[in-house]
Amino acid sequence: EVHLVESGGGLVQSGGSLRLSCKTSGFRFRNYAVAWFRQPSNKAREGVSCIRNADGVTYYADSVKGRFTISTDNAENTVYLQMDSLEPADTAIYFCAADPLDCISGMGITGTPAADYWGQGTQVTVSS
């Protein structure tokens, strides 16, 4: 059975940092793409960042480039999202996702989210 469990969310002031973690199990982590999506209140879910574990290719949404960093620990089957210089616009529920294909066609990181597996989300709130 596949599990993705996010942690690390919370309340932070504008300009602050948070590190999200997503511990996974039940699939071959090294062969999958893993990603972070977010869903602000009353808005659609959107792709934030993705990494294809097979070759380390990464994707970042324009809104987070230079501020967020995705990384993985293959020994722990865990994906991280380091978020720096946080802004109130980053406030959302952040979801971890995994897909056996790539970040674009499989994960849907640039369009309609389409990952095979999802976590339950962790709330990130950035105060101004």
Side-chain angles (χ1 to χ4, degrees):
E1 188 176 359
V2 174
H3 292 282
L4 293 84
V5 181
E6 302 97 335
S7 61
L11 174 64
V12 64
Q13 288 189 329
S14 182
S17 297
L18 283 174
R19 188 192 194 205
L20 304 183
S21 301
C22 176
K23 176 69 173 175
T24 75
S25 61
F27 62 95
R28 295 179 65 89
F29 186 79
R30 291 173 184 264
N31 295 346
Y32 272 59
V34 286
W36 291 93
F37 290 77
R38 67 186 181 187
Q39 187 165 12
S41 181
N42 297 321
K43 293 186 178 180
R45 193 170 298 189
E46 62 182 13
V48 175
S49 183
C50 183
I51 184 168
R52 189 169 63 187
N53 266 331
D55 56 12
V57 172
T58 58
Y59 164 87
Y60 293 94
D62 287 343
S63 58
V64 306
K65 279 180 182 175
R67 300 189 299 122
F68 291 11
T69 304
I70 191 169
S71 62
T72 58
D73 183 337
N74 288 338
E76 296 293 329
N77 295 335
T78 299
V79 56
Y80 302 97
L81 186 68
Q82 177 66 41
M83 305 186 295
D84 299 318
S85 302
L86 282 161
E87 305 166 352
D90 296 316
T91 296
I93 300 174
Y94 283 71
F95 297 89
C96 174
D99 194 272
L101 300 180
D102 63 12
C103 290
I104 305 300
S105 59
M107 189 72 73
I109 195 70
T110 60
T112 302
D116 279 5
Y117 304 115
W118 293 89
Q120 292 189 332
T122 185
Q123 177 70 47
V124 171
T125 303
V126 184
S127 63
S128 57

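The residues of the chain are indexed from 1 along the displayed sequence.
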Are any side-chain N or O atoms of Arg52 and backbone N or O atoms of Val57, one a donor and one an acceptor, separated by less than 3.5 Å? no
Just checking Gln123: does its CD atom have more than 12 heavy atoms from other residues, nucleotides or ligands closer to it than 6.0 angstrom? yes
Within this structure, what is the OG1-CD1 distance for the pair Thr122 and Ile93, rounded to the nearest 0.5 Å? 9.0 Å
Judged by atom type as modelled, is there a donor-acceptor pair below 3.5 Å linking the side chain of Thr24 to the main-chain atoms of Asn77? yes
Give the cluster check for Met107 versus Tyr117: same hydrophobic cluster or not, with ILVMFWY residues linked at side-chain heavy-atom distances below 4.5 Å. no
Which residue pairs pass the salt bridge (Lys or Arg N to Asp or Glu O under 4.0 Å) test when at least one of the two sits in residues 13-36, sequence neighbours left out? Lys23-Glu76
Using every non-hydrogen atom in the two residues, find where Ser14 and Ser128 come nearest and quote the distance to one decimal. CB-CA, 4.2 Å
Decide yes or no for Asp116 and Phe27: does some side-chain heavy atom of the first lie under 4.5 Å from some side-chain heavy atom of the second? no
To the nearest 0.5 Å, atom CD of Gln82 lies from atom OG of Ser21 at 9.5 Å
N/O donor-acceptor pair under 3.5 Å between Gln13 side chain and Ser127 backbone: no
Looking at residues at least two apart in the chain, or sitting in another chain, which of them share a side chain to side chain donor-acceptor pair (under 3.5 Å) with Ser105? Asp102
Hphob cluster co-occupancy, Val34 + Tyr59, side-chain heavy atoms under 4.5 angstrom: no
Between Phe29 and Tyr80, is there shared hydrophobic-cluster membership here, with clusters defined by ILVMFWY side-chain heavy atoms closer than 4.5 Å? no
Is Thr91 reaching over with its side chain to a backbone N or O of Val126, donor-acceptor style, under 3.5 angstrom? yes
side-chain contact (heavy atoms from CB on, under 4.5 Å) assessment of Arg38 paired with Val64: CA-CA 12 Å; Arg38 67 186 181 187; Val64 306; 4.0 Å; yes
Which heavy atom of Ala44 sits nearest to which heavy atom of Pro40, and what is that distance? O-CD, 3.9 Å
Qualifying residues under salt bridge (Lys or Arg N to Asp or Glu O under 4.0 Å), relative to Arg45, sequence neighbours excluded: none
Between Ala115 and Ala98, what is the shortest heavy-atom contact and its length? CB-O, 3.7 Å
Which residue in the set Trp118, Phe95, Tyr94 passes ring-ring contact (aromatic ring centres under 6.0 Å, His included) when paired with Phe37? Trp118
Chi angles and distances behind the side-chain contact (heavy atoms from CB on, under 4.5 Å) call for Tyr60, Ile70: CA-CA 9 Å; Tyr60 293 94; Ile70 191 169; 3.4 Å; yes
Interatomic distance, Asn53 atom CG to Thr72 atom OG1 [nearest 0.5 angstrom]: 4.5 Å
Give the C-alpha distance, both sets of side-chain angles, the deciding distance and a yes or no for side-chain contact (heavy atoms from CB on, under 4.5 Å) between Met83 and Val124. CA-CA 10 Å; Met83 305 186 295; Val124 171; 3.9 Å; yes
Closest non-hydrogen contact found for Asp84 with Ser17 is OD1-OG, 2.8 Å
Between Ile104 and Ile109, does a side-chain contact (heavy atoms from CB on, under 4.5 Å) hold up when you go through it step by step? CA-CA 6 Å; Ile104 305 300; Ile109 195 70; 3.7 Å; yes
Quick check: is Trp36 connected to Tyr32 through a chain of hydrophobic side chains (ILVMFWY, heavy atoms under 4.5 Å apart)? yes
If you compare all heavy atoms of Val2 against all heavy atoms of Gly26, which two are closest, and at what distance to 0.1 Å? CG2-O, 3.7 Å
State yes or no: do Phe68 and Val12 share one hydrophobic cluster built from I, L, V, M, F, W and Y residues joined by side-chain heavy-atom distances below 4.5 Å, directly or via other members? yes
Sub-4.5 Å side-chain heavy-atom contact between Leu20 and Glu6: no
Between Leu4 and Cys22 the two heavy atoms that sit nearest each other are CB-SG, 3.9 Å
